[in-house]
Amino acid sequence: MADTSFDLIVIGAGPGGYVAAIRGAQLGMKVCIVERENLGGICLNWGCIPTKALLRSSEVFHLMQRAKEFGLKADGIGYDLDAVVKRSRKVAGQLSGGIGHLMKKNKITVVMGDATLPAKGKVTVKTEKGTENLTAKNIVLATGARARELPGLEADGKLVWTYRHALQPPHMPKKLLVIGSGAIGIEFASFYNTLGADTTVVEVMDRVLPVEDEEISAFAKKAFQKQGMKIMQKAMVKKLDRAGATVTAHIEVGGKVETHEFDTVISAVGIVGNVENLGLEELGVKIDRTHVVTDEYCRTGVDGLYAIGDIAGAPWLAHKASHEGVMVAELMAGLHAHPVKPESIAGCTYCYPQVASVGYTETKAKELGYDIKVGRFPFIGNGKAIALGEESGMVKTVFDAKTGELLGAHMIGAEVTELIQGYVVGRQLETTEEDLMNTVFPHPTLSEMMHESVLDAYGRVIHM
């Protein structure tokens, strides 16, 4: 390659890395991005996007089975799993190709290969053609993370899967065990359960979706059980015995170990940061439990070296990574950068029903010493939800009783992953209950429930 000196080198082309590269280029920097696998990273290729394509297929399948409710006829309803997966991979491929176009548009040099940092301001990349030695004043680590594998529960791609195997399944599970009920585990449980798998979810914590508000978790559990899922809480898979086409899971629950047989297991027990073989420790970068330690501006403590996204720790969300990518690029350019506020970043889970939240849970707000007001509004009280045939769900809001600050919002039901951004904007603008109550929400929309929940917190709810 002709150029080896850059203003900015980004290692990793996921939603954090490629956004950092684009923003850097927009600000006049000469930028290079290094990627060892696919442009778009895990999110576009093996995470956020392809899972949503799969879940859309299962959602349509579920709606087809409900055709009679809507006065429609649909006979011989079925699915072709290979075709479902093929569509998912096509969607991922289309978006990954789009990132390549954005790199060209912004005149960003793309180098495919494995990067290491031999010294401050230097990057060595092993490519198919040899080794490239690059230099830059600023380097951004955006290497992401991978699935955590626990001893005895390692994936083999046949009987025991990670999320990657679940995205390109070798077979349709008949009896499925999902270990872990966070967003990844519950989304795959929801997908395969909807397609007919006899699904069991094991969660070590005392409730499913443990990062969500307790009321939302309880509502979700009931919804999942109504769909036929088996939920085991405060339970732990101790080991997996594999024999032929069967996996025997030894599950500890209530102080006793039970054995259950499955034909497929999906392990979704968290992630670990991709910090190995980069030369970080030699540069003086601090690593804590597989994640790079940074300050609020994603600075590592090594001059000119930043870490963003999953490698920099929780929350492990693509939109958090993208915001950090913009922030560090603007920081390098001398602009006024806005650090990420974790409590103002929405979390979304695309199971059925969907779950979304931002800010503090009711319990957390109380722990922090707030005097709070809590509002709730059910989907059954909303005309649009009833018209859609989606009467199951709720919106919950938490306010500071003294100032009216919106401390948190928690939602479960149809399309709440699209609705939550209204509350995110509200928190960003430091909106009070008065601002929200005086806002006119269009009718008929699901968003009216957001208004009613606020009204309920202050004893002014209309439709309940």
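In this text the structure is predicted, and so the values were computed from the model without any measurement.
Note: His171 and Trp161 have tilted aromatic rings, judged against thresholds of 30 and 60 degrees for the angle between ring planes. The aromatic rings of Tyr79 and Phe61 sit perpendicular, their planes meeting at an angle over 60°, well past the 30° parallel limit.
At a threshold of 4.0 Å, the pair Arg146-Glu276 counts as salt-bridged, since one of the basic side-chain nitrogens sits closer than that to a carboxylate oxygen. A salt bridge links Arg376 to Glu215: at least one charged side-chain nitrogen sits closer than 4.0 Å to a carboxylate oxygen. Looking at Glu390 and Lys384, no side-chain N of the basic residue comes within less than 4.0 Å of a carboxylate O on the acidic one, giving no salt bridge. A salt bridge links Lys230 with Asp198: at least one charged nitrogen is closer than 4.0 Å to a carboxylate oxygen.
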Arg164/Glu37 under salt bridge (charged side-chain N to carboxylate O under 4.0 Å, His left out): CA gap, chis, key distance, verdict: CA-CA 14 Å; Arg164 285 209 180 202; Glu37 191 173 2; 2.9 Å; yes
Chi angles and distances behind the side chain to side chain contact (heavy atoms under 4.5 Å, CB included) call for Ile462, Leu455: CA-CA 8 Å; Ile462 301 297; Leu455 293 174; 4.1 Å; yes
Residues Val160, Leu153; criterion side chain to side chain contact (heavy atoms under 4.5 Å, CB included); working and verdict: CA-CA 8 Å; Val160 183; Leu153 310 182; 5.8 Å; no
Candidate pair Val237 and Ile251, rule side chain to side chain contact (heavy atoms under 4.5 Å, CB included), full reasoning: CA-CA 4 Å; Val237 178; Ile251 305 172; 4.2 Å; yes
Stepwise side chain to side chain contact (heavy atoms under 4.5 Å, CB included) check, Tyr458 with Lys373: CA-CA 7 Å; Tyr458 288 84; Lys373 286 184 178 292; 3.3 Å; yes
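Shortest non-hydrogen contact noted between Leu54 and Ala166 is CD1-O, 4.3 Å. Closest approach of Gly309 to Ala321, counting heavy atoms only: CA-CB, 3.5 Å. Residues Thr349 and Ala183 approach most closely at OG1-CB, 3.7 Å, considering heavy atoms. Looking at every heavy atom in both residues, Phe379 comes nearest to Gly413 through CZ-CA, 3.7 Å. Contact record, Ser357 with Glu212: OG-OE1, 2.7 Å, taken as the closest heavy-atom pair.
Between Glu35 and Ile33 the shortest side-chain heavy-atom distance does not fall below 4.5 Å. Side chains of Leu117 and Ile11 form a contact here, defined as non-hydrogen atoms less than 4.5 Å apart. Between Leu240 and Phe262 there is no side-chain heavy-atom pair separated by less than 4.5 Å. No side-chain heavy atom of Ile184 sits less than 4.5 Å from a side-chain heavy atom of Trp316. Using a 4.5 Å cut-off on side-chain heavy atoms (C-beta onward), Phe399 and Leu406 make contact. In this structure, the side chains of Leu177 and Thr264 stay at 4.5 Å or more apart for every pair of heavy atoms. In this structure the side chain of Arg207 never reaches within 4.5 angstrom of the side chain of Lys221, judged on heavy atoms. For the pair Pro169 and Leu81, the minimum side-chain heavy-atom distance is below 4.5 Å.
Counting heavy atoms of neighbouring residues, nucleotides and ligands inside a 6.0 Å radius, atom CE of Met236 does not exceed 12 of them. Annotation for Glu343: atom CD counts as buried by contact number, over 12 foreign heavy atoms lying within 6.0 Å. Counting heavy atoms of neighbouring residues, nucleotides and ligands inside a 6.0 Å radius, atom CD of Glu430 does not exceed 12 of them. Other residues, nucleotides and ligands contribute only 12 or fewer heavy atoms inside 6.0 Å of the NZ atom of Lys364. The environment of Asn438 atom CG is dense: over 12 non-hydrogen atoms of other residues, nucleotides or ligands sit within 6.0 angstrom. Atom CD of Glu154 has more than 12 neighbouring heavy atoms from other residues, nucleotides or ligands inside a 6.0 Å radius. Summarising the local packing, CD of Gln65 is surrounded by more than 12 heavy atoms from other residues, nucleotides or ligands at distances under 6.0 Å. Within a 6.0 Å sphere centred on CZ of Arg242, heavy atoms belonging to other residues, nucleotides or ligands number more than 12.
Looking at His250 and Asp241, their side chains do bring a donor and an acceptor atom within 3.5 Å of each other. Between the side chains of Glu452 and His463, a donor-acceptor pair is found at a separation under 3.5 Å. For the residue pair Ser190/Asn193, the side-chain donor-acceptor check at 3.5 Å is not satisfied. For the residue pair Ser453 and Thr397, a side-chain donor N or O sits within less than 3.5 Å of a side-chain acceptor on the partner. Using a 3.5 Å distance cut-off with no hydrogens or angles, the side chains of Glu448 and His443 do pair a donor with an acceptor. Judged by distance alone, the side chains of Glu261 and Thr246 never bring a donor and an acceptor atom under 3.5 Å apart.
Distance OG1/Thr199 to CZ/Phe188: 12.5 Å, rounded to 0.5 Å. The OH atom of Tyr306 sits 9.0 Å away from the CE atom of Met327 when rounded to the nearest 0.5 Å. How far CZ of Arg299 is from CD1 of Ile308: 15.0 Å, rounded to the nearest 0.5 Å. Rounded to the nearest 0.5 angstrom, Ile216 CD1 and Glu362 CD are separated by 10.5 Å. One finds the OG atom of Ser181 at 7.5 Å from the CD atom of Gln233 (value rounded to the nearest 0.5 Å). Between Asn274 atom CG and Ile42 atom CD1 the span is 7.5 Å, to the nearest 0.5 Å.
Panel note: side chain Asp295, backbone Cys298; a donor-acceptor pair is recorded below 3.5 Å. No donor-acceptor pair under 3.5 Å is formed between the side chain of Glu433 and the backbone N or O of Ala457. Side-chain N or O atoms of Ser58 include none that pairs as donor or acceptor with a backbone N or O of Phe191 at under 3.5 Å. Between the Gln227 side chain and the Met229 main chain, no donor and acceptor come within less than 3.5 Å of each other. His410 contributes no side-chain N or O that, together with a main-chain N or O of Val395, makes up a donor-acceptor pair within less than 3.5 Å. Thr300 places a side-chain N or O within donor-acceptor distance of the main-chain N or O of Val302, the cut-off being under 3.5 Å. In this structure, Glu149 contributes its side chain and Ala155 its backbone to a donor-acceptor pair below 3.5 Å.
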